[in-house]
Amino acid sequence: MRDGREVRRGPRHIRPGVLTPEVTAVAEYTSLWGWDVLTGTRALRSDDGGLRCSCGQRCGAPGEHPARRGPVLPAGTTLAEVAESWSTVGAGSTVLLATGIRFDAVEAPTVAAEHAVLRLERLGLRLGPVVRRPDGRAWFVVAPGTAQLLPSPAAGRGQLRGIGRGGYVLAPPSRVAGAVPVRWLRAPDPENATVFPDSRLLIGTLAAAVARCGGTLPRPRGA
């Protein structure tokens, strides 16, 4: 429950053991914040100690893309509906948020993202939710259309990337590489989940932070 808003439970009874961290997080995303969720694949340990993907293909991003037959949970899906759908998903499946309709995402090096967050908050400017990944990357929730101002992930290695229509981003509490989960650097709340920061100001602040930190966006696995 967040500031009087409550995740919609739906009409069905929910067994307590079904309410895993993934189920409660997905229900928050769909019914509280109005986001669309995709079921991700799973990152599995291979015989040589590395990671392989549950998709069964030679995958460069284990656990970081949608499962071929996983459920798609649109905005408005209730807790009971999420619990029912997620019961068909394998343990360890990641949670992906669809981009391009409800919001776009801007991806940046984590160090630069942290500097930008502090800078913008000191200026008294509103920020949307921000995610910190365990691999040195972070992403910001921004207004739809913002991704067009930046190179896409497919454009190759870069310092800032825009992820828009047809894309997706990894969301908490997903785990893809070891025990460290994806976490919120700034969690969604009723004030920031649908009110977006000024796109050009955010991008400019991030670009300045990247230059100051001397960092570049780590290369994603398989890129």
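Along the sequence shown, residues are numbered consecutively beginning with 1. Keep in mind the model is a prediction, meaning the values are calculated, not measured.
- Atoms CD and CD, from E107 and Q159 in turn, are 13.0 Å apart once rounded to the nearest 0.5 Å.
- Side-chain contact check for L97 versus V37: some heavy-atom pair is nearer than 4.5 Å.
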Next on the checklist: Please determine whether side chain to side chain contact (heavy atoms under 4.5 Å, CB included) holds for the pair E121 and V117, giving the CA-CA distance in whole Å, both sets of side-chain angles, and the decisive distance to 0.1 Å.
Outcome noted: CA-CA 6 Å; E121 288 182 341; V117 166; 3.8 Å; yes

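- Once rounded to the nearest 0.5 Å, the distance linking CD of E81 with OG1 of T78 reads 3.5 Å.
- Evaluation of the salt bridge (Lys or Arg N to Asp or Glu O under 4.0 Å) test over residues 30-39, restricted to residues two or more places apart or in two chains, returns D36-R102.
- With contacts defined as side-chain heavy-atom distances shorter than 4.5 Å, the pair E64/R133 qualifies.
- Between L185 and V131 the shortest side-chain heavy-atom distance does not fall below 4.5 Å.
- Residues L120 and L201 are in side-chain contact: their nearest non-hydrogen atoms beyond the backbone lie under 4.5 Å apart.
- Rounded to the nearest 0.5 angstrom, L79 CG and T30 OG1 are separated by 8.5 Å.
- A donor-acceptor contact under 3.5 angstrom links the side chains of S199 and T146, judged on distance only.
- To the nearest 0.5 Å, atom CG of residue D135 and atom OG1 of residue T110 are 7.0 Å apart.
- Smallest separation of non-hydrogen atoms from N192 and L127: CB-O, 3.2 Å.
- Residues V23 and T20 form a side-chain contact, since some pair of their non-hydrogen atoms from C-beta on lies under 4.5 Å apart.
- Taking every heavy atom of both residues into account, P173 and V95 meet most closely at CD-CG2, 4.4 Å.
- A donor-acceptor contact shorter than 3.5 Å links the side chain of S31 to the backbone of A27.
- The CD atom of E28 sits 5.5 Å away from the CH2 atom of W33 when rounded to the nearest 0.5 Å.
- For the pair R175 and E22, the salt-bridge criterion is not met [side-chain N within less than 4.0 Å of a carboxylate O].
- Ring-plane geometry between F103 and W139 is classed as parallel, the angle between the planes falling under 30 degrees on a 0 to 90 degree scale with a further cut at 60.
- Between L51 and L44, every side-chain heavy-atom pair lies at or beyond the 4.5 Å cut-off.
- Two residues are said to be in side-chain contact when any heavy atoms from C-beta on lie closer than 4.5 Å; L202 and F196 fail this criterion.
- Scanning all heavy atoms of the two residues, the minimum distance from P71 to S85 falls at CG-O, 4.0 Å.
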Checklist entry - When you look at L170 and L96, which way does the side chain to side chain contact (heavy atoms under 4.5 Å, CB included) test go after all the steps? => result CA-CA 5 Å; L170 196 66; L96 305 174; 3.6 Å; yes

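- In this structure, Y29 and L73 have side chains that are not in contact, with every pair of non-hydrogen atoms separated by 4.5 Å or more.
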